[in-house]
Amino acid sequence: MNIGIIGAGAIAHFLLEKINRHRHENLRISSVFVRNKEKYRLLESAYGVSLYTDLEKFLDSDIDLVVETANIDAVKTLLPSVLKKKDAVLISVGALADEALLTEISDLAHAYKHNVHLPSGAIGGLDLLQNAHALGTVTSVSLTTRKPARSLIEEDIDEAKTVFEGTAMEAIRQFPKNMNVSIVLSLAGIGIEKTSVRLVADPHIDKNMHHVEVIGDFGEATFSITNNPLPENPKTSYLAAMSILGTLERIGQKIRIGG
Ligand SMILES: NC(=O)C1=CN([C@@H]2O[C@H](COP(=O)(O)OP(=O)(O)OC[C@H]3O[C@@H](n4cnc5c(N)ncnc54)[C@H](OP(=O)(O)O)[C@@H]3O)[C@@H](O)[C@H]2O)C=CC1
Ligand SMILES: O=C([O-])CC(=O)C(=O)O
């Protein structure tokens with residue numbers, strides 16, 4: 001499968017390394033959509049990709065699918081055009097907290113017969129949550145995220161501090177680079193207004209920690225992960241980048257686990 005990536009930051013570099021540098025058996029990144037070609041010129045020789053600043057030319061290049069690794073604004077402005085021509089994988093899932101965009105995306109995906117894949121990102125347990133929610137019997141979903149203080153706030157603190165407590169909707173508004181996990185969790189479960197979130201800035205940790213609690217008729221489930229950060233962007237967990245690779249590998253499979 002030939003892939004086009006939007007964005008060329010920490011996650012994009014992870015994918016270029018794992019797919020192109022290590023010569024992935026079934027995947028190849030051939031096109032990268034950027035805002036500034038000069039800034040990313042080295043990618044062409046390092047990974048054998050072509051850079052594009054023109055979205056239509058990028059979409060008409062030799063790609064089967066588009067992977068977004070940019071940010072929420074890029075999803076809002078670019079995804080509608082992408083879906084008219086290609087399937088898409090999104091990591092800045094927080095964009096879909098915007099109900100109007102979610103409806104537009106869903107309508108376009110149906111009209112143009114394209115799929116939108118949302119990787120689980122820096123968390124897990126979404127299969128359980130989706131199954132438990134199938135009959136509408138999940139009563140509570142909560143997420144507690146702890147990140148190194150410097151990823152969340154500028155002030156120096158000595159003790160862990162709750163910097164946000166509220167709904168996933170408000171969490172992604174206030175922390176668009178850190179709370180995408182809360183939106184994929186909401187979409188898999190009971191929704192953006194009902195999923196509760198606590199975000200803690202902790203000066204004593206160097207990993208991104210997520211703790212999910214789900215309660216419903218099925219019983220109760222908890223899921224905790226301590227994520228190593230991506231060196232190029234410590235706000236972003238290594239697993240988030242890996243989850244895109246996992247999603248891409250599963251797209252072509254005939255036997256799907258937990259699907
Ligand atoms: N779902 C999840 O669990 C997670 C989601 N994320 C999200 O993934 C996204 C990528 O993360 P990461 O790689 O660490 O981020 P980086 O900041 O390292 O990289 C972002 C890249 O996107 C580019 N970019 C921004 N806007 C556009 C645009 N309109 N068109 C083309 N390129 C653009 C930037 O380029 P430029 O040089 O032009 O600024 C940069 O190259 C972020 O939105 C992050 O919040 C991260 C972790 C977990
Ligand atoms: O990478 C993480 O741990 C989570 C993150 O930034 C996000 O969800 O936006």
Side-chain angles (χ1 to χ4, degrees), residues 4-17 31-43 49 51-55 58-59 66-82 89-97 116-126 143-148 150-152 164 168 171-188 195 197 199-202 205-212 223-247:
I5 308 188
I6 297 177
I11 291 180
H13 272 94
F14 171 94
L15 295 172
L16 286 163
E17 278 291 314
S31 306
V32 182
F33 179 81
V34 292
R35 291 191 284 203
N36 177 346
K37 273 193 196 176
E38 287 321 308
K39 182 172 173 186
Y40 294 109
R41 188 64 78 190
L42 267 177
L43 296 181
V49 295
L51 298 180
Y52 293 86
T53 48
D54 180 313
L55 185 66
F58 166 75
L59 293 173
V66 170
V67 176
E68 175 277 326
T69 69
N71 59 31
I72 287 176
D73 278 349
V75 174
K76 290 189 173 179
T77 53
L78 305 175
L79 188 64
S81 302
V82 170
V89 175
L90 305 186
I91 198 66
S92 303
V93 183
L96 303 184
V116 180
H117 304 271
L118 306 181
S120 47
I123 55 168
L126 299 180
L143 166 71
T144 302
T145 293
R146 304 178 86 84
K147 283 200 173 189
R150 65 188 169 281
S151 288
L152 298 174
F164 174 82
I172 194 70
R173 270 198 200 125
Q174 291 189 30
F175 294 91
K177 295 188 171 168
N178 291 284
M179 285 278 91
N180 287 282
V181 281
S182 73
I183 302 307
V184 79
L185 189 67
S186 303
L187 295 173
T195 302
V197 174
L199 182 58
V200 179
D202 190 333
I205 59 171
D206 59 3
K207 309 212 174 202
N208 300 325
M209 300 160 79
H210 303 289
H211 179 77
V212 177
F223 180 89
S224 282
I225 173 151
T226 302
N227 276 302
N228 290 326
L230 273 182
E232 276 184 66
N233 183 3
K235 282 190 190 70
T236 291
S237 297
Y238 196 77
L239 184 69
M242 290 176 81
S243 76
I244 298 177
L245 190 53
T247 296

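Keep in mind that the numbers below use all heavy atoms, side chains included, and drop hydrogens, waters and symmetry copies. Each ligand, and each atom within it, is numbered from 1 in the order the structure gives.
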Starting from atom 38 (O) of ligand 1, which protein heavy atom do you reach first, and at what distance in Å? R35 NE, 3.0 Å

For R150, all residues meeting salt bridge (charged side-chain N to carboxylate O under 4.0 Å, His left out), sequence neighbours excluded: none

Have a look at T77, T236, N233, I183 and point out the one with the heavy atom closest to atom 16 (P) of ligand 1. N233

of all protein heavy atoms, closest to atom 45 (O) of ligand 1 is N180 ND2, 3.0 Å

Return the residue, atom name and 0.1 Å-rounded distance of the protein heavy atom closest to atom 18 (O) of ligand 1. A10 N, 2.9 Å

Nearest protein heavy atom to atom 6 (O) of ligand 2, by residue and atom, and its distance? K147 NZ, 2.8 Å

Considering the heavy atoms of A240, write down every atom of ligand 1 situated less than 4.0 Å from one of them. 47 (C), 48 (C)

So CG of L51 and NZ of K37: to nearest 0.5 Å the spacing works out to 6.5 Å

Could you find the nearest protein heavy atom to atom 43 (O) of ligand 1 and give me its residue, atom name and distance? S92 OG, 2.7 Å

Shortest non-hydrogen contact between L245 and L15, atoms and distance: N-CD2, 4.2 Å

Of N227, N228, D202, which is the lone residue that meets side chain to side chain donor-acceptor pair (under 3.5 Å) with K207? N228

Location of contacts on K235 toward ligand 1, heavy atoms closer than 4.0 Å: neither

Looking only at protein heavy atoms, which one is nearest to atom 24 (N) of ligand 1, and how far off is it? A70 CB, 3.7 Å

Using heavy-atom distances, let me know which of G7, P176, S243, A74 sits nearest atom 29 (N) of ligand 1. A74

Is there a polar contact between ligand 2 and V181, counting only N or O atoms under 3.5 Å apart? yes

Identify the two heavy atoms, one from P229 and one from P234, that lie closest to each other, and give their separation to 0.1 Å. CB-O, 3.4 Å

Check whether any N or O atom of H210, backbone or side chain, sits under 3.5 Å from an N or O atom of ligand 2, and answer yes or no. yes

Mutual orientation of the aromatic rings belonging to F58 and F33 [parallel < 30°, tilted 30-60°, perpendicular > 60°]: tilted

Contacting atoms of ligand 2, where contact means under 4.0 angstrom from a heavy atom of S237: 1 (O), 2 (C), 3 (O)

Tell me which part of K235 gets within contact of ligand 2: side chain, backbone, both or neither, using heavy atoms under 4.0 Å. backbone

Those atoms of ligand 2 less than 4.0 Å from some heavy atom in N178: 4 (C), 5 (C), 6 (O), 7 (C), 8 (O), 9 (O)

Is the backbone of K147 close enough, under 3.5 Å, to the side chain of N208 for a donor and an acceptor to pair up by distance? no

Any non-hydrogen atom of E232 lying under 4.0 Å from ligand 1? no

Indicate yes or no: at least one non-hydrogen side-chain atom of T236 is less than 4.5 angstrom from one of I91. no

With a heavy-atom distance limit of 4.0 Å, tell me whether K177 approaches ligand 2 through its side chain, its backbone, both, or neither. backbone

Looking only at non-hydrogen atoms, the one of L239, V184, N180 nearest atom 9 (O) of ligand 2 is N180

Among protein heavy atoms, which lies nearest atom 5 (C) of ligand 1, and at what distance? I91 O, 3.2 Å

Inter-residue atom distance L96.CG - L79.CG, 0.5 Å rounding: 7.5 Å

Check Y40 against ligand 1 and report side chain, backbone, both or neither, counting heavy atoms closer than 4.0 Å. side chain

For atom 11 (O) of ligand 1, closest protein heavy-atom neighbour: I11 CD1, 3.6 Å

Flag side-chain contact, heavy atom, 4.5 Å: Y40 against V32: no

Looking at atom 19 (O) of ligand 1, what's its closest protein heavy atom, distance included? G9 CA, 3.2 Å

Compare every heavy atom of S182 with every heavy atom of V197, then report the nearest pair and how far apart it is. CG2-CB, 3.8 Å

Within the 4.0 Å heavy-atom shell around N208, which atoms of ligand 2 are there? 3 (O)

Show which atoms of ligand 1 fall inside a sub-4.0 Å distance from at least one heavy-atom site of K177. 45 (O)

Contacting atoms of ligand 1, where contact means under 4.0 angstrom from a heavy atom of T69: 10 (C), 20 (C), 21 (C), 22 (O)

Test your reading of the model: is there a side-chain donor-acceptor pair from S31 to the backbone of G4, 3.5 Å cut-off? no

Can you tell if the side chain of V66 reaches within under 4.5 Å of the side chain of L78, non-hydrogen atoms only? no

Quick note on ligand 2: atoms under 4.0 Å from a heavy atom of A122 include exactly 1 (O), 2 (C), 3 (O), 4 (C)

Taking all atoms of both residues into account, what is the closest heavy-atom pair of V49 and L16, and its distance? CG1-CD2, 3.9 Å

On a heavy-atom basis, the closest approach of G94 and I183 is CA-CG1, 3.8 Å

Side chain to side chain donor-acceptor pair (under 3.5 Å) pairs touching residues 67-77, sequence neighbours excluded, are E68-S92

So for V181, does at least one of its heavy atoms come nearer than 4.0 angstrom to any atom of ligand 1? yes

Going by the order shown, which atoms of ligand 2 are within less than 4.0 Å of some heavy atom of T236? 1 (O)

What atoms of ligand 1 come within less than 4.0 Å of a heavy atom belonging to K39? 36 (P), 37 (O)

So which heavy atom on A188 is nearest to which on L126, and how close? CB-CD2, 4.0 Å

Short N or O distance, I6 and ligand 1, threshold 3.5 Å exclusive: no

Would you say that M242 contacts F14 through its side chain, given a criterion of any heavy-atom pair below 4.5 Å between the two side chains? yes

I'd like to check which ligand 1 atoms, numbered from 1 as shown, lie under 4.0 Å from a non-hydrogen atom of G121. 2 (C), 3 (O)

I want to know if ligand 2 touches N227 in the polar sense, i.e. an N/O pair below 3.5 angstrom. no

